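Written out below as structure tokens is the structure these notes cover.
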Amino acid sequence: MDDLLAEFVAETREMLEASGGEIVAWEADPLDTGRLDTIFRFVHTVKGNCGFFDFPRLERLSHAAEDALAECRAGRRQPDGALVSAVLAIIDRIGAMTDAIGSGEEFSEGGDEILIAALSADEPRALEKPATKHAPDAQPDRAADPGASNNTDTLETAPSVPRSANVQRSIRLPVELLDEVMKGVSDMVLARNDLARRLREAGEQPTIDAPFERLSTILADVRSSITRMRMQRLEHLFGSLPRLVRDLSKELGKQVTVDFEGGEVELDREMIEMVRDPLTHIVRNAIDHGLEGPGERIKNDKSEIGFLKFSARQSGNQISLVITDDGRGIDTDRLVEKALAAGIYSRVELDNMSERRKQHLVFEPGLSTAEKVSALSGRGVGMDVVRANIEKVGGSIDVSSTPGAGTSVFLKLPLTLSIIAALTVGSGGQRYAIPRSYVEEIVFGNSSQIDFATVGERRFVTFRGKRVPCLSLDEVLGVGENENEDSSAATGKTFVIVRLATADVFALAVDRVYDHEDVVVKPIAPAVMETGLYAGTTLLDDGRPMMLLDLPSIAARHDLVSEGRGGFKAVEEETQTVTRNSIPVMLFTALDGRKRAVRLELVRRIDTVAREAIDIETSHAHAVIDGQILALAGHEKGPFPDVRCRLLRLTDGETELVYAVSEVLDAATISNDIVSSNDDVSIEGIALIDDKPVPVIDGHHLFANHCTPRQTKTPLSCRVPGDSEWARTILSPLIEAAGYRVTTDEDEETDLAILLGEDSVPTSDPAARTVIRLRREPEGTGDGTIYRYDRNGLLAALKQARTEAIV
Amino acid sequence: MNELLLTCRIAGRRAAIPALCVQSVIEVGEVTPILGTPDFIRGLTALRSQALTVIDCSLALGLKPGPIAADQRAAVVAIDGHPYALLVDEAYDVDEAISGPIEVPGGFGAEWQRAARGLVETTSGPTLLINIESLVAGPAPMAA
């Protein structure tokens, strides 16, 4: 909503600038009707916007000016110098107020009446009208949806809450320019990918690799900013709907509440503009034709107030937007009659249509079920136009309706021009991209975890207790004519477990999985789109084109999409009960070559580091990963490999440590009990995995030994004398290691202060809760001071101060 | 009415494409086939950072390609914002239309008629002016 406000401010400023010249010209010649019109349009626009944003003062001012100017335009009043000055004063005031709104400042009260009165110097009657014509935009859904009701709340408070003094300036840019920049960046990404490939081939070159990494990081940042430039939250679109709904429902004597969901979903700016009109039309339809009047609703046992819901979600590279009402639904009988009357279909054709097909008649041109053409919907724009507009931007529209219960309109909008994270897979010698958002897991066919079954013509893959239908990409694309049903062919495949937005899961068998890649998706030609297999195209880093698979559509073609609930979930639940008590673990070979297991929950990720990143001293070992020093365990088991080490990064939820392994084997589940072992505290016990005993590492023991105490978020502060070299270089590191923040600022109030012996008695009480005094001499003097090299004594004192501070 | 035309050979016959629509004429390199598409869509080829949909003009008309020139070329056009490479048997030259497109009695034959904008006189003889939109749409469906 703040975006909308910023846009309003920008637009008003722009208009003010543009009309500046007109105003001056009008002042020179008050009778110039051309100038008058321009200024009239300006105040009119401001008035309209104010009504939407609920700025009563601005609205009154612009309304008054508009009234006066309208009188002149109608010829009932002769513009004179006084009027010109009055209007100009109002325009200045509008400018000042707009600036105040833009910077979030409060504009001083009062003064408006004088300006308004000045307008009507010779005709006092012009004053009465404006004032309270527009009540604050009462939104019907205040309670229902916090997101929507915030709209007005934030606006009401916006001028009174001072934000930062510097206004966030915004400028307007043509979309083409953005597109051009975007395309440039996309090309840059391709060039970078190409370079990356060449660098990989050339082997490691530290002098080039580091700057290249930097370039990549910068490019990634630029790209995300550019993408953001084009993206806009759907809230933007939703923001204008409550008002529309309110106006329409008022006009039609209906009561409607609106609910929004998924306003945070982002969509290409241009796309938002493209769907604005179709969406408005759908809303009009829903309120005008869909929702019944209060009387009819009560008669039909419904709540008096109609309900309209907008929900959006992103699914892969598409946004689906559903508009649902709880009205009377589509009257298919009437549609059929109309279609017959209009001669679009014959009686036989209509009789043979399914109910669903009949509902789709709403998209036929020239059909409307409205009993009477109302002022709102009957404007000659039908759902056929809506559909055409949606399809023009590469989207699709569908409708489903239950008589008496309501109608849902489903819009699917593509996110063209976007860069998506994709998984590249191979099939039939070619590469294809799959949006990564769909990919849940990748399983190798030769894994012992996977099982195959063929039931009728349908193949299934059972993995981790879940049985999911399986599609072979070769067959989907029509490559593999060899109908190899035996599992030996399947084991050579890799299975990508795909979860669609509808929560349907299936496995896609591919020849191999290549890589994760960010791809720039470009739309494809309509003839290729028609295959229903592809959602777009992208270029590989070597410049060859690659197709992006349209998984939802592929799934739908193979009837793998369940309508709503049900479907394969039942199978899933059944098998899950069997494996409920199992413990997932990760199997690995330790440095001593023995197989061990660690609970999967402990493992955060697997890292591979160079040998140089590992530092082993007598008692403690550390590894450096991503600029972080982590405690290392498992290194005592055996010698390290020469070049690279595999590390399991384990976490107890707060701290992390790494465990050196020689090889990561597989994930497994322990279904029987773990037999505890008393001799070795470093292992939790012995588990039976694949009929072999495997020791399971004891996480508690591991973290107890290796984790360093975590620094508290806000460390206690400790002041040391700033003028002492000794305190700064020798004392401070010790204090910092004990978890304190060291400061030398005399004025800062600290938790602890350390004073040196030579300071004698401080002139004033140090602003600290605890004071530790140090002395130079080793001999105790009984005055509570600590010898400056008494490490243990000092640490104990620091620790005590710490406990006191926490208590 | 001196429209510039790219003259070429499609399905063994002389044909012309309005040169204004043609962005460039390229030699098509590697074509990545797109499975599941009709025959006339040969696949995708990359031109700088664009992926062009390669259309075989002869097949798109529902005809057999004639003898293919050694350096088979394609005209790069954009239709509805989508870039295409229209693969022709052989690309000749840019020529000037002497007359506007005219219909001939009896038409040009079913396949040609569908994509024809008419006959144009060029300096090198009568040529059939092709409507590129209908090339992209592909041949008429077999049934219906």
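Here is how names work: the chains are called A, B, and so on, in the same order as the sequence lines, proteins then strands, and each is numbered from 1. Since we're looking at a predicted model, the values are computed, not measured. Only this structure's heavy atoms are used, side chains among them; waters, hydrogens and symmetry mates stay out.
- Heavy atoms closer than 4.5 Å to chain A are found nowhere in Pro83(B), neither backbone nor side chain.
- For Gln430(A) (side chain) and Pro33(B) (main-chain N/O), a donor-acceptor pair under 3.5 Å exists by modelled atom type.
- Counting non-hydrogen atoms of neighbouring residues, nucleotides and ligands closer than 6.0 angstrom, the CG atom of Asn352(A) exceeds 12 such neighbours.
- Smallest separation of non-hydrogen atoms from His82(B) and Ile524(A): CE1-O, 3.1 Å.
- Comparing Thr53(B), Ile79(B), Leu52(B), Leu44(B) by how many heavy-atom pairs each has under 4.5 Å with chain A, the most go to Leu44(B).
- The 12-atom threshold is not exceeded at CZ of Arg13(B), counting heavy atoms of other residues, nucleotides or ligands nearer than 6.0 Å.
- The distance from atom OG1 of Thr37(B) to atom CG of Leu477(A), rounded to the nearest 0.5 Å, is 10.5 Å.
- Considering all non-hydrogen atoms of both residues, Pro545(A) and Ala51(B) come closest at CB-CB, 4.2 Å.
- In this structure, the separation between CD1 on Ile34(B) and CE on Met547(A) is 4.0 Å, given to the nearest 0.5 Å.
- For the pair Ala527(A) and Ile41(B), the tightest heavy-atom approach, listed with the atom from each and the gap, is CB-CD1, 3.4 Å.
- Counting heavy atoms from C-beta outward, Pro38(B) and Glu530(A) have side chains that stay 4.5 Å or more apart.
- In this structure, no portion of Val31(B) lies under 4.5 Å from any heavy atom of chain A.
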